[in-house]
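Keep in mind the model is a prediction, meaning the values are calculated, not measured.
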Amino acid sequence: MNNTTGTVSIRYFSGYIRNWRNLCGELNIDQSLSREQREEAILKAAYKKWGVELTGHIYGMFAIAIWDDEKQKLYVIRDQVGQKQMFYAAAQGELLCSGDVNEIAADPRFEKRLNKRMLQQYLFYGYPIGSETFYEGMYKLMPGHYAEWDGKSVTVHRYFRPVFEPDNSKTAGEFAEEIKAVVDEILGPSGMNHGQSIWLSPVSGGVDSSYLLAAGDAAAANTVGYEESGFDESELARRTAEILGKGFNVKMITPEEYFERIPTVIEKMGQPLGDASAVAFSIGCKAVSEHAKVVYSGEGIDEFFGGYNAHKRELPSDWTYLTCSHIMSEEVVKSIMKDYDSSVKAVDPVAELWAEVQGQSPLAQKLTIDISLWLEGDIYLNTDRTSTACGIELHTPFSDLRLFNVARRIPSSYQFDGEQNKVVFRMAAESKLPHEVAFRKKVGFPVPVRKWLADERYNKPVEKALFGEASQKLFNQDAVRDLWTRFIGGESLLWNRVYAVYVFLIWYEINM
C-alpha cells in the first residue's frame with residue numbers, strides 16, 4: 001500500500017482495523033470500498049485528524065508507516081501490545097522499515113553483521129528480547145511506541161504503558177460481567193472485518209481458546225496432536241468443540257515432520273526463537289490454510305489476567321522478575337559463548353520497566369513485564385510470522401485493548417483461587433462454557449520435543465549442527481559437548497537449552 005495523493009502517504013500497513021465501521025462513520029469514509037482502500041482511507045483520515053494519536057482510536061492490530069509530506073517526516077507506529085511486528089534500520093539517508101526482518105536484511109543498502117549482544121540475551125531468555133535484533137544496526141520498534149524519522153535521525157517515543165490500577169470498589173462478579181460485555185463487543189458484528197462465513201480457531205482445549213470458540217462465529221476448531229502420551233491435548237479440544245456444536249480438525253504431527261519444518265520456520269521468522277511450539281503452530285497453520293484464510297487465536301489472556309504459574313510465585317524481595325521465560329543463567333551463557341561480554345547483563349532489557357512498576361502489586365509488576373517483553377518478543381513473533389508465512393491472516397481478539405482496560409482494574413486478590421489462575425476471566429467464560437471447561441487446569445501448547453531431541457532416530461541433524469563450523473566459531477565446544485552429553489544422558493530439563501542453541505545455529509547458517 002503506497003498512496004501518494006495529498007500530503008499524507010501510507011508507506012506501510014500490516015494488520016487489521018477491528019472497529020472500521022465506527023471509524024468510517026466518524027471519518028466520513030465510504031464503507032463499500034474494498035478492504036485495502038478502506039483501511040488506507042481510514043489511516044490517512046485518522047492521521048490528518050489526530051496525528052500519531054490515531055493509536056487511541058483504532059482497535060485491532062497494526063504496524064504502520066506514515067509519510068507526512070508537509071512535515072517531511074516518516075512516522076512508524078506499532079500497536080499497544082505488539083501483535084504485529086515492526087523493524088527499522090537507517091541506511092544511506094533512508095529509514096528502512098518492515099514487519100519482516102528478512103526484507104530489511106535483504107536490502108542492498110543494509111550491511112548484515114551479527115549482533116552478539118542479542119545472541120547473549122537470546123541464550124538467557126530463549127527469545128529475542130527488547131529493542132535490539134540479531135543484526136547490528138537493525139532495531140525492533142517496541143509495542144506502544146512510534147518512531148519519527150526526519151531524514152537524518154530516528155527519535156523513538158513511547159505512547160502507551162500497560163499500567164495496572166486496581167479498583168477495589170467492584171466485586172469479582174461485576175468484573176466478570178464487564179469481561180463478558182467487552183468480549184461480546186469485540187466478537188460481535190461491529191468487530192467483524194471481512195464478513196466471511198468460515199472462521200476457525202486453533203484450540204488447545206484450554207479456557208482461552210474455548211471461550212473464543214464459544215463466543216465467536218467460528219465454524220470449526222483446529223488443533224495439533226501427537227502420538228506421544230502426556231503431550232496430546234487434542235481430545236480435550238475435540239470434546240469442547242463437540243459440546244459447542246462446532247466442527248473439529250486435528251493435524252497429527254510426527255517427529256520427522258517437526259524436524260523437517262524447523263529450518264523453514266526459522267527462516268520465515270527472521271530471527272531465532274527457542275520456543276518449540278512455534279514449529280507446531282506453523283504446521284497447524286499450514287494445515288488450516290488448506291480450508292481457511294482467516295483464523296482466530298486466543299493470545300493475550302494469560303498476560304492480561306495472570307495465567308502462568310510464574311505469576312503466582314513469590315519472588316525474593318531483592319530479585320528482578322525476568323519475564324516468565326528464561327532458560328540459562330548468566331554463568332551458563334558465559335561458559336557457552338566464546339566472546340562473552342560481561343557488560344551485557346540479563347537484567348538489562350527488564351531494568352527500566354522493573355524500576356517503573358515498583359510499588360505496584362507483585363502480580364501487576366509481573367504482568368507489566370510479560371506484556372511489554374515476553375508477549376511481543378515470543379508469542380506474537382511466533383503467531384504473526386508463522387501465520388503470515390502460511391498465507392493466513394491471524395486475528396487475536398483477546399489482545400484487544402478494550403479487554404486489557406478491564407484486566408488492568410481487577411485487584412490481584414481476585415485473580416487466583418488456590419491452584420486456579422485468571423479466575424475472573426474464567427467466571428466470564430462460564431457464561432458460554434460448561435464449568436468443567438471454563439475452570440479446566442491450564443493446558444498450554446505442549447510439544448514432545450524433549451523426547452524427540454533425545455532420540456537418535458531424529459537428533460542426528462541436531463548433533464551435527466551443535467558441533468559444526470558455525471558452532472565452533474561462536475561457542476565453546478567443551479561446554480556444548482557437556483550440555484549435549486548431560487541431556488542425552490537423561491537430564492531432560494536441559495532440552496530447551498539444546499533446542500535454543502540448535503535453532504540459532506540454523507538461523508545463522510541461513511542468514512550469515
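Environment of CD in Glu53: sparse, with no more than 12 heavy atoms of neighbouring residues, nucleotides or ligands closer than 6.0 Å. The 12-atom threshold is not exceeded at CG of Asp417, counting heavy atoms of other residues, nucleotides or ligands nearer than 6.0 Å. Within 6.0 Å of CD in Glu419 there are 12 or fewer heavy atoms belonging to other residues, nucleotides or ligands. Sparse packing is recorded around NZ of Lys268, with 12 or fewer heavy atoms of other residues, nucleotides or ligands lying under 6.0 Å away. Lys246 NZ: more than 12 foreign heavy atoms inside a 6.0 Å radius. The local environment of CD in Gln72 is crowded, with over 12 non-hydrogen atoms from other residues, nucleotides or ligands closer than 6.0 Å.
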Test side-chain hydrogen bond (donor to acceptor under 3.5 Å, both in side chains) applied to Arg450 and Asn496, step by step:
CA-CA 8 Å; Arg450 68 181 65 189; Asn496 53 4; over 6 Å; no
Is there a side-chain hydrogen bond (donor to acceptor under 3.5 Å, both in side chains) between Gln85 and Asp384 once you walk through the steps?
CA-CA 7 Å; Gln85 300 293 302; Asp384 180 34; 4.7 Å; no
Under the criterion side chain to side chain contact (heavy atoms under 4.5 Å, CB included), I'd like the reasoning laid out for Lys48 against Leu27: C-alpha separation, chi angles, the key distance, then a yes or no.
CA-CA 10 Å; Lys48 289 178 180 179; Leu27 299 171; over 6 Å; no
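Looking at heavy atoms from C-beta onward, Leu381 lies out of side-chain contact with Tyr127 at the 4.5 angstrom threshold.
Between Glu132 and Arg117, at least one side-chain nitrogen of the basic residue sits less than 4.0 Å from a carboxylate oxygen of the acidic one, meeting the salt-bridge criterion.
If you check the side chains of Lys140 and Thr133, you find no donor sitting under 3.5 Å from an acceptor. A side-chain donor from one of Ser169 and Asp167 sits under 3.5 Å from a side-chain acceptor of the other. For the 3.5 Å distance criterion, the side chains of Tyr380 and Ser399 qualify, holding a donor opposite an acceptor. Counted by atom type alone, Gln420 and Arg426 present one or more donor-acceptor pairs between their side chains at under 3.5 Å. In summary, the side chains of Ser372 and Arg161 do not present any donor paired with an acceptor at a separation below 3.5 Å, with no hydrogens or angles considered.
Rounding to the nearest 0.5 Å places CD1 of Ile392 at 9.0 Å from OG of Ser282. Note that CG of Asn19 is 7.5 Å distant from CD1 of Ile17, once rounded to the nearest 0.5 Å.
Under the 30°/60° scheme for interplanar angles, the aromatic rings of Phe425 and Phe398 are found to stand perpendicular. Using cut-offs of 30° and 60° on the angle between ring planes, the pair Tyr122 and Phe134 is perpendicular. Using a 30° and 60° split on the angle between ring planes, Phe404 and Phe304 fall in the perpendicular class, above 60°. The aromatic rings of Tyr321 and His311 sit tilted, their planes meeting at an angle between 30° and 60°.
Ring to ring, Tyr135 and Trp507 are close: their centroids are under 6.0 angstrom apart. Aromatic rings of Trp374 and Tyr125 (six-membered ring for Trp) have centroids beyond the 6.0 Å cut-off, not under it. Aromatic rings from Tyr159 and His145 are positioned such that their centres are separated by 6.0 Å or more.
For the salt bridge (charged side-chain N to carboxylate O under 4.0 Å, His left out) criterion with Glu185, the lone passing option out of Arg18, Arg402, Lys180 is Arg402.
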